[in-house]
Amino acid sequence: MLLCVEWHPSGEFFVVGDYGNNDTAEPPAIQFWSADGDLMKTIAMDEGSEIRNVSWNHEGTLLASASDKLRIWTKDGELKHEGD
């Protein structure tokens, strides 16, 4: 189940927050998708870390995600900061 979606300011790709699927053992995840609908990257999260919201900064250099913790990611999907 997808909980949120946010286009990158460039319009070249978008990010979704995925709840995961207990039946198939798929963990919650952040997924990066191209504008053509191709999956580019998946960042699996720990169980119980459903991604409830995502938002880009104005420049499109940082992505904030809200789940069990606030996380800040780079445009390339690298974790930059994790708050409690």
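In this text the structure is predicted, and so the values were computed from the model without any measurement.
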_Test of understanding: with side chain to side chain donor-acceptor pair (under 3.5 Å), list the residues that count as partners of His81, not counting sequence neighbours._
none
_Tell me whether His8 contacts the main-chain N or O of Val15 through its side chain, where contact means a donor paired with an acceptor under 3.5 Å._
no
*Could you state whether Trp73 and Phe13 fall into the same hydrophobic cluster, counting links through intermediate Ile, Leu, Val, Met, Phe, Trp or Tyr residues with side-chain heavy atoms under 4.5 angstrom apart?*
yes
Give the table of side-chain donor-acceptor pairs shorter than 3.5 Å for residues 27-38, with sequence neighbours excluded, one pair per line with atom names and distance.
residue : atom : partner : partner atom : Å
Gln31   : OE1  : Trp33   : NE1          : 3.2
Ser34   : OG   : Asp36   : N            : 3.2
Ser34   : OG   : Gly37   : N            : 3.3
Ser34   : OG   : Asp38   : N            : 3.0

*Indicate, with yes or no, if Leu39 and Leu2 share a hydrophobic cluster defined by side-chain heavy-atom contacts under 4.5 Å among Ile, Leu, Val, Met, Phe, Trp and Tyr.*
yes
_Pairwise salt bridge (Lys or Arg N to Asp or Glu O under 4.0 Å) hits with a residue in residues 5-16, at least two apart_ = none
*asked:* Would you say Trp7 ends up clustered with Leu62 if hydrophobic residues are merged whenever their side chains have heavy atoms under 4.5 Å apart, either directly or through other cluster members?
replied: no
*asked:* Using the salt bridge (Lys or Arg N to Asp or Glu O under 4.0 Å) criterion, which residues pair with Glu78? Sequence neighbours excluded.
replied: Lys41
_Gap separating the CD1 atom of Ile72 from the OG1 atom of Thr74, nearest 0.5 angstrom_ = 11.0 Å
_Separation of Glu26 CD from Tyr19 OH (nearest 0.5 Å)_ = 14.0 Å
*Can you name the closest pair of heavy atoms from Gly77 and Ile43 and give their distance?*
O-CD1, 3.3 Å
*Please check if Met40 and Val16 belong to a single hydrophobic cluster, counting links between Ile, Leu, Val, Met, Phe, Trp and Tyr side chain heavy atoms closer than 4.5 Å.*
no
Without placing hydrogens or testing angles, list every side-chain donor-acceptor pair under 3.5 Å for residues 49-56, not counting sequence neighbours.
residue : atom : partner : partner atom : Å
Ser49   : OG   : Asp46   : O            : 3.1
Ser49   : OG   : Asp68   : OD1          : 3.2
Ser49   : OG   : Asp68   : OD2          : 3.3

_Residues which pass salt bridge (Lys or Arg N to Asp or Glu O under 4.0 Å) with Glu82, listed by chain and number, not counting sequence neighbours_ = Lys69, Arg71
